[in-house]
Colleague: 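Here it is: the structure, laid out below.
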2 protein chains.
Amino acid sequence: MKSTTPPAAPRGRGPRGPRAEGDSRAEILAAARTLFAAKGFRATTTREIAARAGVDPALIHHFFGTKADLFEATVQLPRIAGEVGARLEAPSGDAAEGLARLYVEELFTRDVETFAAMLRTAVSSPEDMPWLRQMMEDTMLAVATRLLRGEHVALRAELIGAQMIGILVLRHLVGVEPIASTSTDDLVAAMAPALRALIDGAA
Amino acid sequence: MKSTTPPAAPRGRGPRGPRAEGDSRAEILAAARTLFAAKGFRATTTREIAARAGVDPALIHHFFGTKADLFEATVQLPRIAGEVGARLEAPSGDAAEGLARLYVEELFTRDVETFAAMLRTAVSSPEDMPWLRQMMEDTMLAVATRLLRGEHVALRAELIGAQMIGILVLRHLVGVEPIASTSTDDLVAAMAPALRALIDGAA
DNA sequence: GGGGTATTTCATCAATCGGTGAAATCGACG
DNA sequence: CGTCGATTTCACCGATTGATGAAATACCCC
């Protein structure tokens, strides 16, 4: 019976064809993205990532170096940063509604995993990823210079950012109702007046 | 010299008088509060708490049960919840400015450690403290029923809560400038118009 | 002054973590 | 067919973690 010894999978390279070249690497990336988004950096273990990718834990360190390297490879910050910058350049009818739609409909849906991983990590273990704080500051500063005029532009831009971060937390990270299940249209309509007040500045 | 063997502290009860009865317990609570606020639940180790309290790690499990029990004993939620409720009952001249001052000047200064510990834990490891989500929902619902009228009251209340959470993240958890160093007066003045828009509801 | 109780430390455990080194297998190339 | 490089797994290490059980000490009450 030798029931104590599970068949001991073959050791060498991927035995069959269905898993194409480099597929394991992509699968590791996908698993890491999902888990980092769901639990943050520290709470996610390399063994968990490997299990979800159907791969030996050692393969992670073979493709990517350390766990922090894998994290940086997982969240694609340059792409998102460039996207936000380009969107702010283009003029839009209503700045408040446009900004709300950009975050709620695009960034928080298509790239929700990256944002979740970033914020969960920045909040739970800031010393692990020190560059996250600087990156947040830069993003808010971009909004400030391109969209705001008047006094306290940086502070008002960060209040706009705070609104977005809070929505990300309640709607996507913690899952508080009813905001977690509200349609994007209703959410945009509800937040537009507040954003407008911050964009226009105090009376 | 016997430098290899540190004197091996006496084992029994606190030998001297200066440390009064139950003082160790209070010291553990204070150390836990600071560390949970700074790093969240998972990233804080019981040994770290014990070291900061100047106490053997085993003493933690003697006074409080498990690490999760210590966390629940650390954040004093009933007191804060009651305080917010009482404050919402009392009428104030400007509801928006009053709400801003309540959070920025009182809750986020006197009880900043409790809020930081709660949010860091809720965001980084939600499954560790499942009751945190329900508690957030209840708090927002209280604001909704006592302060708001019109349509989508729950959603608007949660947008107000999102604003507060974002400020907590940027100003106190991550430390983004300039909002981290802004005076409470300037901050309240900058956020009041946005809160007013959410309290009054859409046009 | 003696027994009981609360407090405190020591020693230790089982589990888990990130990471390393070597072996094994496969595919490509000559 | 032989060789080389890429891929994958195994076995393992040192460190750290939360938690437990027992021993030791001090205080309190009678």
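All chains are named by letter (A, B, ...) in the order of the sequence lines, taking the proteins before the strands, and each is independently numbered beginning at 1.
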Colleague: Are any of the side-chain nitrogens in A:R87 or A:E106 under 4.0 Å away from the carboxylate oxygens of its partner?
Modeller: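 Salt bridge flag = yes for A:E106 with A:R87.
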Colleague: Going by the rule side chain to side chain contact (heavy atoms under 4.5 Å, CB included), which residues pair with B:V84 if we only count those two or more places apart in sequence or in a different chain?
Modeller: B:I80, B:L88, B:L107
Colleague: By ring-ring contact (aromatic ring centres under 6.0 Å, His included), which residues pair with B:F64, not counting sequence neighbours?
Modeller: none
Colleague: Listed by chain and number, what are the side chain to side chain contact (heavy atoms under 4.5 Å, CB included) partners of B:K67, not counting sequence neighbours?
Modeller: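 Side chain to side chain contact (heavy atoms under 4.5 Å, CB included) check on B:K67 returns B:F36, B:F41, B:T46.
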Colleague: Enter the inter-axis angle for the ends of the helix from C:dG1-D:dC30 to C:dG30-D:dC1 (five pairs per end, rounded to 10°).
Modeller: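 End-to-end axis angle: 0°.
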Colleague: Of the residues in residues 42-50 of chain B, which ones touch DNA chain D at a heavy-atom distance under 4.0 Å?
Modeller: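 Under 4.0 Å from DNA chain D: B:T44, B:T45, B:T46, B:R47.
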Colleague: Which nucleotide in the set D:dG18, D:dT8, D:dC10 lies at the smallest distance from any side-chain heavy atom of A:H62?
Modeller: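 Taking heavy atoms from C-beta onward, the closest nucleotide is D:dT8.
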Colleague: Please name all residues satisfying side chain to side chain contact (heavy atoms under 4.5 Å, CB included) with A:Q134, sequence neighbours left out, ordered by chain then number.
Modeller: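 Only A:E137, A:D138 meet the side chain to side chain contact (heavy atoms under 4.5 Å, CB included) criterion with A:Q134.
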Colleague: Just list the side-chain donor-acceptor pairs under 3.5 Å for residues 158-166 of chain A, sequence neighbours left out, or say none.
Modeller:
from	atom 1	to	atom 2	distance (Å)
A:E158	OE1	B:I179	N	2.9
A:Q163	NE2	B:L159	O	3.2

Colleague: Can you list, by residue number, the residues of residues 66-75 of chain B that have a non-hydrogen atom closer than 4.0 angstrom to DNA chain D?
Modeller: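 Output list: B:T66, B:K67.
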Colleague: Could you give the CG-to-P distance, from B:L59 to D:dT20, as a whole number of Å?
Modeller: 14 Å
Colleague: So, A:R101 and A:D185, do they make that salt bridge, N to O below 4.0 Å?
Modeller: yes
Colleague: A:H61: which residues meet the ring-ring contact (aromatic ring centres under 6.0 Å, His included) condition with it, sequence neighbours left out?
Modeller: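 By the ring-ring contact (aromatic ring centres under 6.0 Å, His included) rule, A:H61 matches no residue at all.
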Colleague: With sequence neighbours excluded, what pairs up with B:H152 under the ring-ring contact (aromatic ring centres under 6.0 Å, His included) test?
Modeller: none
Colleague: What residues, two or more places apart in sequence or in another chain, satisfy side chain to side chain contact (heavy atoms under 4.5 Å, CB included) together with A:Q76?
Modeller: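 Applying side chain to side chain contact (heavy atoms under 4.5 Å, CB included) to A:Q76 gives A:R33, A:R79.
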Colleague: Whole angstrom is fine here: how far is it from CD1 in A:I60 over to C1' in C:dT20?
Modeller: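 Rounded to whole Å, this separation is 14 Å.
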Colleague: For B:D56 and D:dG18, give me the distance from atom CG to atom C1', rounded to whole Å.
Modeller: 13 Å
Colleague: Nearest to the B:H61 side chain among C:dT7, C:dG21, D:dA19, which nucleotide is it?
Modeller: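 Closest nucleotide to the B:H61 side chain: D:dA19.
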Colleague: Between atom CG in A:L35 and atom P in C:dG18, what is the gap in whole Å?
Modeller: 12 Å
Colleague: Can you run down the salt bridge (Lys or Arg N to Asp or Glu O under 4.0 Å) pairs that involve residues 49-59 of chain A, sequence neighbours left out, and say none if there aren't any?
Modeller: none
Colleague: Using a cut-off of strictly less than 4.0 Å, decide whether B:S24 has a side-chain nitrogen or oxygen near OP1 or OP2 of C:dT7.
Modeller: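 B:S24 to C:dT7 OP1/OP2: no side-chain N or O under 4.0 Å.
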Colleague: Please report the distance, rounded to the nearest Å, between CZ in A:F41 and C1' in C:dC17.
Modeller: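 So the CZ-C1' distance, A:F41 to C:dC17, works out to 12 Å.
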Colleague: Tell me: CZ of B:R25 to C1' of C:dT9, nearest whole Å?
Modeller: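 Result: 19 Å.
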